[in-house]
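All remarks here apply to the structure that follows.
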Amino acid sequence: MAATDGEKLTNAISPVGISGYEGQKRTCYCGELNEKDAGSRVVLMGWVNRQRDLGELIFIDLRDRTGMVQVVTDHNRSPESFRIAKKVRSEYVLCVSGTVVRRAPGTENPGSPTGMIEVMADDIKVFNRAKTPPFVIRDEAEPDEGLRMRYRYLDLRRLPMLRNLELRHKATLAIRNYLSQNGFWEVETPTMTKSTPEGARDYLVPSRLDPGRFFALAQSPQLFKQLLMVSGVDKYFQLARCYRDEDLRADRQPEFTQIDIEVSFSDEDQLFAVIEGMMKHLWKEVLDVEIDLPFPRMTWNEAMERYGSDKPDTRFGMEIHDITGLVQESGFMVFRNTVESQGTVRALCAPGCAGMSRQELDSLVAQAKEFGAAGLIHLAYLPGGEVKSPVRKHLSDEEVAGIASVTGAREGDLVLIVAGPFEVAVTALGRIRLSLGDKLGLIPEGKYKFLWITEFPLLEKNEEDSRWQAAHHPFTSPVARHAHLLESEDESDKALIRARAYDLVLNGVELASGSVRIHERELQDKMFRLLDLSVEQAEEKFGFLLEAFEYGAPPHCGIAFGLDRLVMLMAGVGSIREVIAFPKTTKATCLLTGAPSQVSPEQLEELGLLRKADKQQKTCK
RNA sequence: GGAGGCGUGGUGUAGCUGGCCUAACAUACGUGCCUGUCACGCACGAGAUCGCGGGUUCAAAUCCCGUCGCCUCCGCCA
């Protein structure tokens, strides 16, 4: 029990005697010792991972951030250190002096990197004792994540977590080095800035000196980096903390880090080359993995057509196929009606899945519906040539054969079909593709498939008020061939305009996002008109940027990486919390510090958030 | 805003079609023994009113309702 431990710690007469740190120098780290060190005297400092007391012989696994090494004491050799070792417990903090020796034949531990040697202790000092930790600090242990976050400092003691922190450090260092060598300057921008009306919800900071007014924590340095281009910084980058008050996910935290980059007098091709070089450098430096350049490029349209996603995982195939032409005169009315109402019919082939059970099929249908599809049709191409499907009787033999031919389905395969509006049909199948790919084990481990997605739609319709809004942000250039559509009278043309916006995708994860910016005032004004923004509104929201652009803005473009996601993928873990030292829960709280917390009425009053009267009322309660 | 999963000694789990549960197992913890362990071993011991609140019942860890916490997903994230 915690209380008992506390008593033990404070009341027990120390049998070991805690030593202060008196300048004794550590000579090396535990995990770095090997056979070459045999014979040398060392001074180690670290935590007790485990003590094994064999009576007249005691082993201690001493741990620091590099790893572990076995310390031995026997009572003949050093009675004093033996006496101390006897009382040592897990997580005690020790200074061990001794000699590295090769282990006797037959006592080596091939399972440990330092298993060929051990340290014969002739002096052990205890810097500190430790309560029994709330969970075992061992690499493979996986306690409840809430508990890990509550005691994050203990969770981070686990070597895999320390590895993640180290990896993150190496990654950011490699990025800084690479960008600096390529002429980029790191410039800091304000985190306390002006609230932006569009985009994510802001975290607000009240101004004491200007009661009733608020700063917003920056959602990104977007506007500042464009101002820096106007300033002639030319090549900018920043590892910037960003804050967004939106619901959390495994890959989303309320505060996160962007690798923010912007360059002047460059187009996509030049920027892509710099970024590709950065990724190559990063993977080589940190993971010692060679990656191939250049990265393939795919337009947004093609990505949606083939993978039903704007961040396709191209580590495996199972692509989506268009069978609209095949079924436009189908006897199955769902298909025919879809085609007549300008919809589309798409299919994908799940290899070897013809034998799927009723239950598994039902779950696929449920998934498809969850992803927005009206339904999901399946055709099982059974071994022997028979085709089983709830709609088999509505389909002609030609249709059945045609679908097999287009999707590449063979005997034993299952074809899944969704009919509906383009984006609905392909995204539903795209999600099914991912979930099946995972289930069928089609996704290879250890592969890095980078991919540029280009020509995103410039605008998208806001579902709530059906207004057009910028898909990326309002300063994104349209592609030249669509510039004329900006002024088109035809409303449906707006959906067709493509932007000079791009994402870098890795293994199905959006790693980075950017665009070529508008740097001419007239084009920008057209853009605002398109977004139904009046001159006044634009002025109110981004006036300072528009004004800056009137003093000579260079053409510029940029990109921003989610550093947390990048490191997550490099570390091979499933959540960015694993690569963030002190993450927040899915309710955006910090279990370690207890933030967010209440503040005193005095504090609120000082900030102008509480009137004196309210305060008195509150205190009276 | 919505859907789902989980919550039982310090930790990880079992039990959860109600009663034989006076809650099991492993590990950690405490004491003792042990000179080659490395998930050390052996013996003994201590440790949980089953997240919290309410209900149903003769009887609730178990069923129902609510609530809190953690996680996953949808919406959301210019």
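What you are looking at is a predicted structure, and each value in this text was computed from that prediction instead of being measured. Proteins get letters first, then strands, A, B, ... in listed order; numbering begins at 1 in each.
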Taking atom P of rG36(B) as reference, at what distance in whole Å does atom CD1 of Ile60(A) sit?
17 Å

Separation of atom CG in Asp202(A) from atom P in rC76(B), rounded to whole Å
18 Å

For Gln367(A) and rG4(B), give me the distance from atom CD to atom C1', rounded to whole Å.
13 Å

Rounding to the closest angstrom, what is the interatomic distance between rU57(B) and rU62(B) at atom C1'?
13 Å

The nucleotide from rU37(B), rC29(B), rC71(B) with an atom nearest the side chain of Thr107(A) is rU37(B)

Classify Thr589(A) by what it touches in the nucleic acid, base, sugar-phosphate, or nothing, heavy-atom distance under 4.0 Å.
sugar-phosphate

State whether Arg150(A) places a side-chain N or O below 4.0 Å from either non-bridging phosphate oxygen (OP1 or OP2) of rG10(B).
no

Checking Ser220(A) against Gln258(A): is there a side-chain donor and acceptor pair closer than 3.5 Å?
no

Any Thr132(A) side-chain nitrogen or oxygen under 4.0 Å from OP1 or OP2 of rG10(B):
no

Does any donor-acceptor pair link the side chain of Arg252(A) with the base of rC76(B) at a separation under 3.5 Å?
yes

Considering non-hydrogen atoms only, spot the tightest contact between Ala368(A) and Ala428(A) and give its length.
O-CB, 4.2 Å

Side chain to side chain contact (heavy atoms under 4.5 Å, CB included), that's the test. Do Arg77(A) and Thr73(A) meet it? Break it down for me.
CA-CA 7 Å; Arg77(A) 188 185 173 84; Thr73(A) 61; over 6 Å; no

Let me know the distance between CG of Leu248(A) and C1' of rG1(B), rounded to the nearest Å.
16 Å

Taking 5.5 Å and 30° as the limits, would you call Phe59(A) and the base of rU37(B) a stacked pair?
yes

Less than 4.0 angstrom between a side-chain N/O of Arg431(A) and OP1 or OP2 of rC74(B), yes or no?
yes

rA26(B) versus rU72(B) - spacing of their P atoms, nearest Å:
32 Å

Using a heavy-atom cut-off of 4.0 Å across all strands, would you classify Gly146(A) as base, sugar-phosphate, or nothing?
sugar-phosphate

I want to verify a distance call: between rG12(B), rU72(B), rG10(B), whose nearest atom is closest to the Ala250(A) side chain?
rU72(B)

Who pairs with rG12(B) - Watson-Crick or G-U, where each distance is under 3.5 Å
rC25(B)

In whole angstroms, how far is the C1' atom of rG12(B) from the CD atom of Glu145(A)?
16 Å

Reckon Asp53(A) touches a base, only the sugar-phosphate, or nothing at all at heavy-atom distances under 4.0 Å?
base

With no hydrogens and no angle check, just 3.5 Å: does a side-chain donor-acceptor pair link Asp260(A) and Tyr236(A)?
yes

Have a look at Gln219(A) and say if it touches a base, only the backbone sugar-phosphate, or nothing, with a 4.0 Å heavy-atom cut-off.
nothing

Rounding to the closest angstrom, what is the interatomic distance between rC20(B) and rU56(B) at atom C1'?
23 Å

Can you tell me if Ser81(A) and Asp123(A) form a side-chain donor-acceptor pair at under 3.5 Å?
no

Between rC70(B) and Thr585(A), is there an OP1 or OP2 to side-chain N/O distance shorter than 4.0 Å?
yes

Go through rU72(B), rU11(B), rC76(B) for me and flag the one nearest to the Glu246(A) side chain.
rC76(B)

Does Lys86(A) pair with Asp53(A) as a salt bridge, N-O distance under 4.0 Å?
yes

Gap in Å between the two P atoms, one belonging to rG15(B) and one to rG7(B), rounded:
10 Å

Taking the P atom of each, how far is rG55(B) from rG9(B), in whole Å?
24 Å

Have a look at Ala104(A) and say if it touches a base, only the backbone sugar-phosphate, or nothing, with a 4.0 Å heavy-atom cut-off.
nothing

For atom P, what is the distance between rA23(B) and rC50(B), given to the nearest Å?
12 Å

Checking base pairs now: Watson-Crick or wobble, both atom distances under 3.5 Å. What partners rA3(B)?
rU72(B)

Using both distances under 3.5 Å as the test, list the Watson-Crick or G-U wobble partner of rC63(B), or none.
rG55(B)

Indicate yes or no: does Glu91(A) engage Arg157(A) in a salt bridge with an N to O separation below 4.0 Å.
yes

Assign Glu108(A) to base, sugar-phosphate, or nothing according to its heavy-atom contacts below 4.0 angstrom with the strands shown.
base

State the pairing partner of rA43(B); accept Watson-Crick or G-U wobble contacts with both distances under 3.5 Å, and report none otherwise.
rU31(B)

Rounding to the closest angstrom, what is the interatomic distance between rC40(B) and rU27(B) at atom C1'?
14 Å

Nearest-Å distance, CG (Asp247(A)) to C1' (rC73(B))?
12 Å

Round to the nearest Å and state the distance from Gln70(A) atom CD to rA39(B) atom P.
10 Å

Do any side-chain nitrogens or oxygens of Arg52(A) fall under 4.0 Å of OP1 or OP2 in rU37(B)?
no

Can you see if the side chain of Lys587(A) gets near the phosphate of rG69(B) - specifically, an N or O under 4.0 Å from OP1 or OP2?
yes

Please determine if Arg529(A) and Asp525(A) form a salt bridge, counting it only when a charged side-chain N lies under 4.0 Å from a carboxylate O.
no

Can you see if the side chain of Arg249(A) gets near the phosphate of rC74(B) - specifically, an N or O under 4.0 Å from OP1 or OP2?
yes

Toward the 5' end of RNA chain B, which comes first, Arg244(A) or Glu370(A), by nearest nucleotide?
Glu370(A)

Can you tell which of rC38(B), rC29(B), rC70(B) lies closest to the side chain of Asn109(A)?
rC38(B)

If every non-hydrogen atom of Ala250(A) is compared with every non-hydrogen atom of Ser575(A), which pair is closest and at what distance?
O-OG, 3.3 Å

Give a yes/no answer on whether the side chain of Arg89(A) brings an N or O atom under 4.0 Å of OP1 or OP2 in rU31(B).
yes

Which part of the nucleic acid, if any, lies within contact of Leu147(A), taking any heavy atom under 4.0 Å across all strands shown: a base, the sugar-phosphate backbone alone, or nothing?
sugar-phosphate

Using a 4.0 Å heavy-atom cut-off across all strands, classify Glu118(A) as base, sugar-phosphate, or nothing.
base

Nearest nucleotide by nearest heavy atom, which residue falls closer to the 5' end of RNA chain B, Arg565(A) or Asn76(A)?
Asn76(A)

Say whether Glu268(A) and Thr454(A), considering side chains only, have a donor N or O and an acceptor N or O under 3.5 Å apart.
no

If you check every side-chain atom of Arg201(A), which of rU72(B), rA28(B), rC76(B) has the closest atom?
rC76(B)

Looking only at atom P, what distance separates rC34(B) and rG10(B), rounded to whole Å?
32 Å

Between rC70(B), rC77(B), rC38(B), spot the one nearest the side chain of Met149(A), thanks.
rC70(B)

Whole angstrom is fine here: how far is it from CG in Asp74(A) over to C1' in rU37(B)?
13 Å

So, OP1 or OP2 of rC77(B): does either fall under 4.0 Å of a side-chain N or O from Ser220(A)?
no

